[in-house]
Amino acid sequence: MEFERPRGTRDFLFEEMRQRKYAEDILRNVFENYGFGEVQTPLFEDLKLFTTKSGEEIVDQLYNFKDKGDRDLALRPEITAPIARLYLNELQKTSKPIKIYYYGSCFRYERPQKGRFRQFWQFGCELIGAKTPEGEAEIIAMCNNAIEELGITTAEFNINHLGIIRGLFAHFDIDTATQREIMVVIDKGDKELLKESLVGDNPIIKDKPELNEVLFKLMDMVGDSSIIADIRELVAPYEETQEALEEFEELVKTLESFQVFNYKLNLGVARGLDYYTGIVFEVYVEGLGAQKQVCGGGTYSLVKLFGGEDVVSTGFALGFDRLMNAIEELNGKPELEPIVSTYVSAISDSTRHEAFNIAQTLRKAAIPTEVDLSRKKFKKILAYANKIDVKYTVLVGERDLEDGKVTVKDMLSREQELVDIDNVVEYIKDKLYN
RNA sequence: GCCGGGGUAGGGUAGGCGGUCAUCCUACGGGACUGUGGAUCCUGUGACUCGGGUUCAAAUCUCGGCCCCGGCCCCA
């Protein structure tokens, strides 16, 4: 074999493509059901768009290149930044809130493993200009709804409000570098490491044992809405946390009104980056190996970061490939009905053109039809029809044609009938739909 | 970037202490077979991931690359 696929990429064949398309349709329906409209942005953007959002370090994790005009470009590693750019370019004066969704592939230069590829697909949305708990609740509700519709029953929603921890940092006057360092540790979700970093022998923050103590207790808070009371008790002395806490509580209340019950509050969800301002959430599905996170989202001020006015948006991105993994893991590969139901073939050379005619007539009547294109000998016709799993085979032969008839064979019952050539469509339609 | 396991016809595989024409299934082509054997039988095409090394001799041992699978790191 001369050429191989580039590393970390995949070819999707007929069956898999149909399954992906099926899932894609479900997601589109859900998103549109909530009033979101689809947009599409370019596969590549200015490199700067992504480095501004995520820092210079990401350059070695993405596909970037110079074009012939010496522009620094990059294949998009995610679609949130392009959406913010699109908003700035086209939608600033549109009435809020704006509801956008997208589906497309992204590219990252990373080591492939289960659920991680160099070209992968994201399905996501942005709700721009509705910074209310109900905006956030609707986003989470839609996400939950979408995952349910796909038949994934084991998804686990983890929600946090970063305002609480940010409030603590503000109260204790912690600089951004240190904040970031702490957030990274929290994000890892490693209890031992966290303990070591906060209350161990050599903590990241040295002179604030009170803060360390509070942080450590806070990170342990995972559970249903009842933990709000515990959080309140813990952070009551720190005024800077109160507004966020109220928002968080309001979100929880609103979630229930949006009929979402399937979630955990988890103060350990960090999603490191600075531009997240409010709630953040992640969705996990166990059994997907190391890459079990199928969705990440939150509320952020990305537009401001790109130089626009401060418009808050809430959004999430579903890892489409991981969702497909989850579906297969849970339900196996779904059996898909063959699309083509009818096979038309001439038995003799002289009737070939009549066979084409019949095939076209069937197709125009919306009966998916295949017609013999390889001049198969008779004995191969039925073998082929059987293999492509059609329900009916129309045999066009000289003898029958003399009486204006063709033979229609029911492949399942193996019975066959002579049918007037003008009645073939009706005959098959009748059998297919009745 | 790091660690482990892999790579044999289109797909799935056997062989693996070096040594006959590299096994079997399936798929594909042809035939037995001119309108009813969707079967069966016969037959054909088709592969040792690439490169170096050891050796009289390498699919087999060895080193390196590439790719796949899983994990670490990272995860916007």
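FYI, side chains are in, hydrogens and waters are out, and symmetry mates aren't considered; it's all heavy atoms of this structure. Just so it is clear: chains get the letters A, B, ... in the order the sequence lines come, proteins before strands, and each one is counted from 1.
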**Q** Which nucleotides of nucleotides 41-47 of chain B have their base under 4.0 Å from a protein heavy atom (B), which only their sugar-phosphate (S), and which neither (-), written as one string 5' to 3'?
**A** -------

**Q** Just by distance, no angles: are the side chains of A:R85 and A:T41 close enough, under 3.5 Å, to form a donor-acceptor pair?
**A** no

**Q** With a cut-off of 3.5 Å and sequence neighbours excluded, list every side-chain donor-acceptor pair involving residues 298-311 of chain A.
**A**
residue: A:T299; atom: OG1; partner: A:E136; partner atom: OE2; Å: 2.7
residue: A:T299; atom: OG1; partner: A:T314; partner atom: OG1; Å: 2.8
residue: A:Y300; atom: OH; partner: A:E126; partner atom: OE1; Å: 3.0
residue: A:Y300; atom: OH; partner: A:E126; partner atom: OE2; Å: 2.8
residue: A:S301; atom: OG; partner: A:D310; partner atom: OD1; Å: 3.4

**Q** Rounded to the nearest angstrom, tell me the gap between atom CD in A:E15 and atom C1' in B:rG11.
**A** 14 Å

**Q** At under 4.0 Å between heavy atoms, how does the protein contact nucleotides 64-73 of chain B? Give one character per nucleotide, 5' to 3', with B, S or -.
**A** ---SSBBBBB

**Q** Using the C1' atom in both, what is the distance from B:rU26 to B:rC67, to the nearest Å?
**A** 25 Å

**Q** Taking only residues two or more places apart in sequence, or in another chain, which ones meet A:R108 in a salt bridge (Lys or Arg N to Asp or Glu O under 4.0 Å)?
**A** none

**Q** Considering only atom P, compute the distance from B:rA9 to B:rU23 and round it to an integer number of Å.
**A** 14 Å

**Q** Between A:E329 and A:K292, does any NZ, NE, NH1 or NH2 come within less than 4.0 Å of an OD or OE carboxylate oxygen?
**A** no

**Q** Between B:rA22 and B:rG70, how far is it from one C1' atom to the other, in whole Å?
**A** 30 Å

**Q** Which residues pass the salt bridge (Lys or Arg N to Asp or Glu O under 4.0 Å) test with A:R414, sequence neighbours left out?
**A** none

**Q** In this structure, how many angstroms lie between the P atom of B:rA76 and the OH atom of A:Y102, rounded?
**A** 13 Å

**Q** Distance check, P atoms only: B:rG53 and B:rG12, in whole angstrom units.
**A** 32 Å

**Q** Pick out which of A:R118, A:K114, A:R20 makes a salt bridge (Lys or Arg N to Asp or Glu O under 4.0 Å) with A:D321.
**A** A:R20

**Q** Do any of residues 295-308 of chain A sit with a heavy atom less than 4.0 Å from RNA chain B, and if so which?
**A** none

**Q** With rounding to the closest Å, how many angstrom separate the P atoms on B:rA14 and B:rA57?
**A** 30 Å

**Q** According to the interplanar angle, ranging from 0 to 90°, do the rings of A:F123 and A:Y101 count as parallel (below 30°), tilted (30 to 60°) or perpendicular (above 60°)?
**A** parallel

**Q** Below 4.0 angstrom, N of the basic side chain to O of the carboxylate: do A:R28 and A:E24 qualify?
**A** yes

**Q** With sequence neighbours excluded, tell me which residues meet salt bridge (Lys or Arg N to Asp or Glu O under 4.0 Å) with A:E90.
**A** none

**Q** Paired with B:rG10: which nucleotide, if any, by Watson-Crick or G-U wobble criteria at under 3.5 Å for both distances?
**A** B:rU26

**Q** Any carboxylate oxygen within less than 4.0 angstrom of a Lys/Arg side-chain nitrogen, looking at A:D349 and A:R375?
**A** no

**Q** Taking atom C1' in both B:rU8 and B:rC24, compute the distance separating them and give it to the nearest angstrom.
**A** 13 Å

**Q** For RNA chain B, which residues of residues 44-65 of chain A approach it to below 4.0 angstrom with any heavy atom?
**A** A:K53, A:S54, A:I58, A:Q61

**Q** Can a side chain N or O of A:K387 be found less than 4.0 Å away from OP1 or OP2 on B:rA27?
**A** no

**Q** Partners of A:Y384 by ring pair (Phe, Tyr, Trp, His ring centres under 6.0 Å), sequence neighbours excluded?
**A** A:Y343

**Q** Side chain of A:S197, backbone of A:K195: donor and acceptor closer than 3.5 Å?
**A** no

**Q** Provide, to the nearest angstrom, the distance between the CD1 atom belonging to A:I79 and the C1' atom belonging to B:rC75.
**A** 16 Å

**Q** Is a salt bridge present between A:K48 and A:D72, judged by a nitrogen-to-oxygen distance below 4.0 Å?
**A** no

**Q** In the structure shown, which nucleotide is the Watson-Crick or G-U wobble counterpart of B:rA32, with both distances under 3.5 Å?
**A** B:rU40

**Q** Does a side-chain N-to-carboxylate-O contact under 4.0 Å join A:K431 and A:D410?
**A** yes

**Q** Go through residues 419-427 of chain A and report each residue with a non-hydrogen atom lying under 4.0 Å from RNA chain B, sorted by number.
**A** none

**Q** I'd like to check the side-chain hydrogen bond (donor to acceptor under 3.5 Å, both in side chains) partners of A:N386; sequence neighbours left out, ordered by chain and number.
**A** none

**Q** Name the pairing partner of B:rC48, where a pair is Watson-Crick or G-U wobble with both distances under 3.5 Å, or state none.
**A** none

**Q** Please state how far atom CZ in A:F120 lies from atom P in B:rA76, giving the value in whole angstrom units.
**A** 11 Å

**Q** I need the minimum non-hydrogen distance between A:Q122 and A:E78, along with the two atoms involved.
**A** OE1-CA, 3.9 Å

**Q** Would you call the rings of A:W121 and A:F12 parallel, tilted or perpendicular if under 30° counts as parallel and over 60° as perpendicular?
**A** perpendicular

**Q** Which glycosidic conformation, syn or anti, is assigned to B:rG70 if syn requires a torsion within 90° of zero?
**A** anti

**Q** Write down the distance separating the C1' atoms in B:rC63 and B:rU20, rounded off to the nearest Å.
**A** 30 Å

**Q** Which residue is it: A:F120, A:F117, A:Y103? I am looking for the one with a ring-ring contact (aromatic ring centres under 6.0 Å, His included) to A:F320.
**A** A:Y103

**Q** Could you state the OH-P distance from A:Y276 to B:rA76, rounded to the nearest angstrom?
**A** 6 Å

**Q** Write down the partner of B:rU55 under the Watson-Crick or G-U wobble criteria, each distance required to be under 3.5 Å.
**A** none

**Q** In Å, rounded to the nearest 0.5 Å, how long is the span from CE of A:M219 to NZ of A:K217?
**A** 13.0 Å

**Q** How is A:Y275 classified with respect to the nucleic acid when contacts are heavy atoms under 4.0 Å: base, sugar-phosphate, or nothing?
**A** sugar-phosphate

**Q** Sort out the partner of B:rG16 for me: Watson-Crick or G-U wobble, both distances under 3.5 Å, none otherwise.
**A** none

**Q** Rounded to whole angstroms, how far apart are CZ on A:R322 and P on B:rA76?
**A** 10 Å

**Q** Looking just at side-chain N and O atoms, do A:Q293 and A:R322 make a donor-acceptor pair shorter than 3.5 Å?
**A** no

**Q** If we call it a pair only when both distances are under 3.5 Å in a Watson-Crick or G-U wobble match, what pairs with B:rG4?
**A** B:rC69

**Q** Please list each protein N or O that sits under 3.5 Å from an N or O in nucleotides 32-40 of chain B, with the distance.
**A**
residue: B:rC33; atom: O2'; partner: A:K379; partner atom: NZ; Å: 3.1
residue: B:rG35; atom: O6; partner: A:E398; partner atom: N; Å: 2.6
residue: B:rG35; atom: O6; partner: A:R399; partner atom: N; Å: 2.4
residue: B:rG35; atom: N2; partner: A:D400; partner atom: OD1; Å: 3.2
residue: B:rG35; atom: N2; partner: A:D400; partner atom: OD2; Å: 2.8
residue: B:rU36; atom: O2; partner: A:K409; partner atom: NZ; Å: 3.3
residue: B:rU36; atom: O2; partner: A:Q416; partner atom: OE1; Å: 3.4
residue: B:rU36; atom: N3; partner: A:Q416; partner atom: OE1; Å: 3.0
residue: B:rU36; atom: N3; partner: A:Q416; partner atom: NE2; Å: 3.3
residue: B:rU36; atom: O4; partner: A:Q416; partner atom: NE2; Å: 3.2
residue: B:rG38; atom: N1; partner: A:M411; partner atom: O; Å: 2.8
residue: B:rG38; atom: N2; partner: A:N386; partner atom: OD1; Å: 2.1
residue: B:rG38; atom: N2; partner: A:M411; partner atom: O; Å: 3.4
residue: B:rG38; atom: N3; partner: A:N386; partner atom: OD1; Å: 3.1

**Q** Measuring only the P atom in each nucleotide, how far is B:rU49 from B:rA58? A whole number of Å is fine.
**A** 15 Å

**Q** What distance do A:L418 atom CG and A:Y427 atom OH have between them, rounded to the nearest 0.5 Å?
**A** 9.5 Å

